[in-house]
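The structure appears right after this line, and notes come after that.
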Amino acid sequence: MNYWNFVLENRKLLAFGLLMTCLSGYGQTYLLALYVPYLIEEFSLQNAQISVYYMVATIGSAFLLPQVGKYIDQISLKKYTLLATLVFLMALVLMSVNPYWYLLPVAFFGLRIAGQGLFSHIAITSMSKYFLKGRGKAISLASLGHPFGQAILPILVVALINIFGWRESLMVNAAIVVLVVPIYLYFFIDEKSLVVHEETPASEKDGPKKEVSQWEILKSGSFWLLAPNLFVLSFTVTGLFFYQFAIADFKGWTLEWMAVGLTFYAIAGSMAILFAGPLIDKYSARKFFPFYLIPFLFAILFIWLFSDQLVIFPYMILMGASAGFGNAIMSALQVELFGATFIGKVRSIFASIMVLSSAVGPAVYGVVVDAGFSFDVIFIGSTLLMLLVIIQSFRIIPDFTYAKMKYKFKKRHRRFDFFNIFNLKH
């Protein structure tokens with residue numbers, strides 16, 4: 001079965017994953033930021049105040065996510081999705097009708113936990129659980145919803161605000177979600193055909209798989225291998241994007257060039273996601289794990305060392321490639337290391353780390369800037385942090401030594417087969 005036949009045969013479940021990651025944009029920073037000026041004016045807030053509300057809501061959702069995310073392993077996919085959608089709708093409606101400033105953190109919390117957290121969690125977990133052969137492709141295709149949302153939703157939201165006003169636009173967004181999600185679940189998702197695919201060694205096939213606790217996951221070596229990578233990727237991307245226009249001003253670049261660069265970021269991320277799935281299915285995620293952050297490292301070096309505006313393009317392309325490839329690798333690797341049976345519990349923990357780091361990144365960068373340091377200090381610190389995480393990633397190769405790796409790369413019959421990655425027959 002080739003890539004396109006795989007898509008056609010599994011189009012309903014794949015489209016569900018794509019839909020949920022796309023709709024998660026309603027709870028992402030890039031979309032909620034469009035409402036910030038209206039909220040500041042409406043409630044007479046300072047930038048620092050609304051930033052604190054947003055950070056508190058994000059951190060709160062990060063801590064709650066493991067507790068609610070694990071239940072996707074225990075209840076039906078339809079019921080879990082509808083419950084997450086209900087929370088999301090309540091948060092949208094609350095923000096729309098809310099007359100009091102102190103309810104803003106509550107609305108932010110609902111949008112972050114249900115939108116950014118659970119919608120993405122539902123999409124990637126369902127791809128991880130219900131696919132075995134082609135799992136990497138399924139995760140990658142579902143992950144395409146993120147760049148699609150970045151391309152479509154801001155334009156839609158701005159248009160709705162201009163037509164109806166910011167409060168009314170939130171109600172329209174709620175109506176869109178309440179129509180699309182339940183209707184798709186009812187007509188296109190047949191839970192009787194959904195089977196959890198677990199790769200179990202022959203010695204374990206006869207006995208039930210023991211359930212692991214969240215504490216056991218947190219104590220495992222696999223968790224401490226993956227957690228630093230997930231944290232540093234979200235921490236750095238969110239921090240750099242949050243201050244992208246301040247960075248442009250620091251480097252002497254125009255905002256128009258930076259905006260064009262964001263388009264290249266989205267394109268590079270989408271292309272990386274498309275190629276990541278077949279590569280993961282053919283070679284496994286763990287083989288790429290030590291290397292996927294290296295383009296990001298070079299991206300930061302470029303923006304630190306060069307001042308020409310043209311460096312925006314390699315910076316955005318390399319960063320987008322790492323982010324796109326990394327999202328697919330980290331999702332697939334969680335299944336490879338922890339199995340698919342309790343992947344909802346596993347993914348909820350890692351998702352909380354991602355959400356937490358997205359709150360911490362801008363805050364840390366802001367403290368550095370407010371302390372009087374230039375962005376060069378941020379670039380140097382980010383480079384060193386990235387380098388340390390890349391080095392520790394090689395722990396996934398148990399017998400890694402320079403001599404052994406050099407010997408393996410010299411073996412011609414193990415040559416990387418790039419042009420055959422879209423074939424599911426391994």
Side-chain angles (χ1 to χ4, degrees), residues 20-69 80-122 146 149-150 153-154 156-182 238 242 348 351-352 354-363:
M20 296 306 293
T21 52
C22 182
L23 292 178
S24 74
Y26 282 116
Q28 302 279 0
T29 302
Y30 72 84
L31 204 62
L32 292 176
L34 297 175
Y35 288 98
V36 168
Y38 301 99
L39 296 173
I40 290 175
E41 181 181 359
E42 180 76 17
F43 298 102
S44 301
L45 300 173
Q46 300 295 322
N47 282 289
Q49 288 176 291
I50 199 165
S51 297
V52 169
Y53 299 159
Y54 192 69
M55 183 178 70
V56 169
T58 301
I59 293 174
S61 68
F63 282 107
L64 183 63
L65 193 55
Q67 306 308 315
V68 297
Y80 191 87
T81 304
L82 289 173
L83 288 173
T85 304
L86 178 61
V87 174
F88 189 55
L89 292 172
M90 290 170 63
L92 280 173
V93 172
L94 175 61
M95 182 173 284
S96 175
V97 301
N98 170 38
Y100 307 111
W101 65 266
Y102 51 81
L103 289 179
L104 273 181
V106 180
F108 281 150
F109 174 78
L111 292 172
R112 298 295 273 171
I113 186 68
Q116 184 197 29
L118 292 180
F119 275 21
S120 296
H121 177 59
I122 290 167
H146 291 302
Q150 292 166 2
L153 294 181
L156 173 63
V157 167
V158 170
L160 291 175
I161 291 175
N162 290 334
I163 296 172
F164 300 106
W166 74 270
R167 287 187 181 273
E168 292 76 10
S169 73
L170 289 165
M171 298 298 287
V172 176
N173 292 330
I176 292 172
V177 175
V178 79
L179 285 173
V180 171
V181 175
T238 309
F242 195 85
S348 65
S352 71
M354 183 272 293
V355 174
L356 180 63
S357 61
S358 70
V360 174

Would a 4.5 Å heavy-atom cut-off, applied to side chains only, mark [X] and [Y] as touching?
X    : Y    : value
S357 : T238 : no
L39  : E42  : no
L170 : L160 : no
T58  : V355 : yes
L104 : L45  : yes
Y54  : R112 : yes
L103 : F43  : no
V68  : S348 : no

Straight-line distance of [X] [atom1] to [Y] [atom2], nearest 0.5 Å:
X    : Y    : atom1 : atom2 : result
L153 : L23  : CG    : CG    : 7.0 Å
Q116 : L32  : CD    : CG    : 9.0 Å
I176 : L156 : CD1   : CG    : 5.0 Å
L356 : M55  : CG    : CE    : 10.5 Å

Q: For the pair F109 and V56, evaluate side chain to side chain contact (heavy atoms under 4.5 Å, CB included) and give the outcome as yes or no after the intermediate values.
A: CA-CA 8 Å; F109 174 78; V56 169; over 6 Å; no
Q: Check step by step if side chain to side chain contact (heavy atoms under 4.5 Å, CB included) holds for V177 and N173.
A: CA-CA 6 Å; V177 175; N173 292 330; 5.7 Å; no
Search all heavy atoms of [X] against all heavy atoms of [Y] and return the closest pair with its distance.
X    : Y    : value
L65  : A351 : CD2-CB, 3.4 Å
L89  : A174 : CD2-O, 3.2 Å
S352 : A62  : CB-O, 2.7 Å
G69  : Y80  : CA-OH, 3.2 Å
V178 : A175 : CG1-O, 3.2 Å
M95  : L111 : CE-CD1, 3.8 Å

Q. Going through the checks in order, is the side chain to side chain contact (heavy atoms under 4.5 Å, CB included) test met by F108 and I50?
A. CA-CA 10 Å; F108 281 150; I50 199 165; 4.1 Å; yes
Q: Please work out which of the three classes, parallel, tilted or perpendicular, describes the rings of F88 and F119, given edges at 30° and 60°.
A: tilted
Q: Kindly write out the residues that satisfy side chain to side chain donor-acceptor pair (under 3.5 Å) with S120, not counting sequence neighbours, or none if the list is empty.
A: S24
Q: Let me see the working for V52 and Q49 under side chain to side chain contact (heavy atoms under 4.5 Å, CB included), right down to the final yes or no.
A: CA-CA 5 Å; V52 169; Q49 288 176 291; 5.9 Å; no
Q. For the side chain of S96 and the backbone of L92, is there at least one donor-acceptor N/O pair under 3.5 Å apart?
A. no
